[in-house]
Asks: 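Take this structure, written in structure tokens, and hold onto it; I'll ask about it next.
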There are 2 protein chains.
Amino acid sequence: MRGSLGYCEFVTDTPSKPWTMQQIAAAAGVSVTTVSHTLSGKRPVNPATAERIQKLIAEFEYVPDSGAQRLKSGRSGMIGLAVPDISHWYFGRIARGVEEVADELDYGLIICSTSNSDPRREKRYFNLLRTRSIEGLIYTASREISASDELVRVSGSSPIVFADERVDALPDVPSVTSSNFVGAQVLGRHLRDLGHTRAVIIAGFAGLHSTIERTKAIKESFPNALTLHGDFELKSGYDLVSDLLAHEVRFTALFGCNDYMAIGAMTRLREAGLRVPEDVSVVGFDDVDMAAIVTPGLTTVRQDMAEIGRRSAHLLIAGLHAGGFDAVESESLPTELILRGSTGPAPQ
Amino acid sequence: MRGSLGYCEFVTDTPSKPWTMQQIAAAAGVSVTTVSHTLSGKRPVNPATAERIQKLIAEFEYVPDSGAQRLKSGRSGMIGLAVPDISHWYFGRIARGVEEVADELDYGLIICSTSNSDPRREKRYFNLLRTRSIEGLIYTASREISASDELVRVSGSSPIVFADERVDALPDVPSVTSSNFVGAQVLGRHLRDLGHTRAVIIAGFAGLHSTIERTKAIKESFPNALTLHGDFELKSGYDLVSDLLAHEVRFTALFGCNDYMAIGAMTRLREAGLRVPEDVSVVGFDDVDMAAIVTPGLTTVRQDMAEIGRRSAHLLIAGLHAGGFDAVESESLPTELILRGSTGPAPQ
DNA sequence: TTTCGGTCGCAACTCGTTTTGCAAAATGCG
DNA sequence: CGCATTTTGCAAAACGAGTTGCGACCGAAA
């Protein structure tokens with residue numbers, strides 16, 4: 001059949017319906033119980049019959065129907081990961097880490113882009129929890145915590161872990177984040193040590209925990225730093241620097257709340273004839289792959305996103321097995337200063 | 001309970017077990033049939049009772065158990081997407097497109113990284129098809145088509161669509177790809193028109209359809225182009241150029257089979273004191289976001305990855321509904337030449 | 001009042017697997 | 001050889017929703 005022109009059925013050599021345990025049992029001349037026990041090993045089965053059954057299973061390529069197993073066990077064996085946009089490098093790394101652990105611990109993973117907190121989508125994904133399609137959710141907040149009503153309600157009754165971004169309004173939900181404060185503190189001191197005094201901060205969304213922490217840390221070194229808010233995208237760094245230049249704001253150090261905004265800013269600075277780092281030092285946060293490629297290389301703070309994903313998954317699945325979380329289980333991961341060419345001594 | 005120290009159960013105000021249709025029916029004083037019909041509308045229900053039931057459903061936040069629905073209907077409402085590595089920009093974009101359409105057409109999406117064709121993982125994901133956890137699979141090939149035995153068998157009996165990479169050994173499986181040949185052809189002509197005569201190709205994995213097509217197209221303009229094979233990563237472009245330099249190979253044009261390798265190559269060229277584009281013109285393929293950021297900007301061919309994802313999803317789901325594919329449904333999407341600063345006239 | 005067509009609700013079975021109580025067979029030991 | 005164990009297998013009841021045949025009830029027409 002295959003290879004002929006026109007319409008092509010899925011099924012050719014294999015039977016259209018998959019085999020049921022019933023049929024295997026019939027073929028082996030035993031009852032379903034025996035087949036089931038052969039597979040699960042929850043009761044001893046005569047080695048001879050067991051072998052005969054195994055052979056038939058292999059021959060028929062029988063696989064138990066996951067729907068039926070789910071119904072019976074009440075467990076779906078799946079967890080969910082909600083990210084603002086899976087196509088971002090940043091969230092892709094988290095996803096990779098989560099997937100790694102989920103796979104290792106025999107859980108399936110459903111990844112959901114919330115399209116930057118599109119409420120309709122978010123509701124759908126929370127529904128995955130309600131319908132028991134997933135047993136738990138790793139939630140990566142994007143902007144401010146929207147849909148909070150929904151989130152609060154869901155977080156009360158279902159296993160949720162926050163990854164990357166803690167939500168202050170929900171202190172009882174475990175979270176895995178980077179040490180935003182310490183990371184930014186190191187950056188601040190680095191630039192202060194280089195003699196800079198006038199700094200500008202291109203911060204992220206105002207409501208985010210990470211933004212707040214990083215800004216606070218930098219202000220420790222630069223109490224008067226001018227703070228603008230962007231949306232974490234390249235363009236936003238670019239545009240905000242345009243604004244600064246239009247107002248002839250004077251500064252020698254620029255903090256991007258993430259690398260993309262820092263790189264966008266750097267691009268705009270160079271377009272305006274300013275040299276990096278001779279005239280302005282620029283730093284970012286994250287250490288995305290692009291940070292090493294741009295010229296000059298971007299001084300930044302490395303976050304281990306994959307590790308955040310891994311730890312979140314471990315936390316969630318541990319909670320699943322235990323039936324609850326210890327309230328104190330939140331973790332914050334160390335960061336690392338990566339020095340590159342975008343920072344230098346303050347100009348005279 | 002919440003907020004107290006130590007152990008914290010998931011369930012506080014909400015009952016530990018979700019409501020069943022049974023319980024709703026009992027509360028409303030009717031039978032499950034009535035509740036079911038109220039929801040599905042497959043039979044008329046007294047408006048008064050219907051309203052009472054609806055109210056109870058809303059109050060209890062009842063949602064039908066997806067496992068039970070699956071078992072009964074035989075449909076899981078999920079499709080799978082297998083990509084080599086979800087943390088890559090490239091595959092993230094595809095995933096985004098797939099997700100968009102899946103969401104729109106009311107399918108759930110399970111994303112699986114195959115870790116560059118780790119056979120163990122791949123087997124697991126094919127098993128999702130067998131266990132009916134997913135109804136169909138969008139498969140994005142990574143290196144050569146490994147696990148072909150398994151893939152051939154699965155593709156014969158289950159709905160599969162190839163995205164991004166066609167598999168020549170399985171011509172009957174529908175695919176959605178970019179027009180690799182035409183895209184590369186345009187690049188080749190562009191550089192030939194600039195007067196280049198000595199070109200080097202940094203190709204991808206030798207077994208991939210895209211690599212073959214692109215190489216063939218470039219050789220149309222540069223029949224004697226020296227062809228090396230990399231692994232699509234930055235480092236690989238960098239290292240291969242090191243090799244070229246070590247052998248003092250002379251060339252004025254360099255084709256990267258993807259942007260990352262092209263950018264890696266560009267980096268190495270500059271480190272060797274060669275100017276881009278004055279001494280060597282460099283082109284890539286894909287138009288990743290980084291291509292616009294590096295200096296000089298990378299001339300490349302844009303692929304619409306998200307669209308590839310969208311079309312694949314449409315194709316798969318259409319096939320699911322129809323119960324089979326038309327053999328001729330494969331699509332190839334147009335590409336677009338993006339001119340930036342990395343190409344210029346050949347040096348004298 | 002009877003009958004008819006239609007509306008609506010109930011009990012009972014189905015999906016495929018897991019798990020139980022129970023009985024039959026096989027084994028051990030005195 | 002008989003009794004007490006262990007093995008080993010079967011039938012039946014779950015899990016939660018969807019579906020069907022059937023009968024109860026309604027109002028309206030004869």
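What you see is a predicted model, and the numbers here were worked out from it, not measured in a lab. Letters A, B, ... mirror the listed sequences (proteins, then strands); counts begin at 1. No hydrogens, no waters, no symmetry mates; every other heavy atom, side chains included, goes into these values.
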Asks: Contact class for B:Thr34 vs. all strands (heavy atom < 4.0 Å): base, sugar-phosphate, or nothing?
Replies: sugar-phosphate

Asks: When you check the gap from the basic side-chain N to the acidic O, do B:Arg96 and B:Glu307 get nearer than 4.0 Å?
Replies: no

Asks: Return the 5'-most residue of the pair B:Asn46, A:His37 with respect to DNA chain C, ranking by each residue's nearest nucleotide.
Replies: B:Asn46

Asks: Using whole Å, what does the distance between atom C1' of nucleotide D:dC10 and atom CD of A:Gln22 come to?
Replies: 12 Å

Asks: Answer yes or no: side-chain N or O of B:Thr20 and base N or O of D:dA17 forming a donor-acceptor pair under 3.5 Å.
Replies: no

Asks: Is there a donor and acceptor pair, one atom on the side chain of B:Ser73 and one on the base of D:dA17, closer than 3.5 Å?
Replies: no

Asks: Roughly how many Å is it from CE in A:Met21 to C1' in C:dC15, rounded to a whole number?
Replies: 14 Å

Asks: Determine the contact category for B:Val35: base if any of its heavy atoms lies under 4.0 Å from a base atom, sugar-phosphate if only primed atoms, P, OP1 or OP2 are that close, otherwise nothing.
Replies: nothing

Asks: Taking 4.0 Å as the cut-off, does a side-chain nitrogen or oxygen of A:Lys72 come that near to OP1 or OP2 on D:dA14?
Replies: no

Asks: With respect to the side chain of B:Ala68, which nucleotide from C:dT17, D:dA17, C:dG16 is positioned closest?
Replies: D:dA17

Asks: Main chain of B:Gly77, side chain of B:Glu135: is a donor-acceptor contact present, judged purely on distance under 3.5 Å?
Replies: yes

Asks: Is A:Arg93 salt-bridged to A:Asp164, cutoff N-O under 4.0 Å?
Replies: no

Asks: Taking atom types as they are modelled, is there a donor-acceptor pair under 3.5 Å from the base of C:dG21 to the side chain of A:Arg43?
Replies: yes

Asks: Have a look at B:Thr49 and say if it touches a base, only the backbone sugar-phosphate, or nothing, with a 4.0 Å heavy-atom cut-off.
Replies: sugar-phosphate

Asks: Report the distance from atom OG of B:Ser36 to atom CE of B:Met21, rounding to the nearest 0.5 Å.
Replies: 4.5 Å

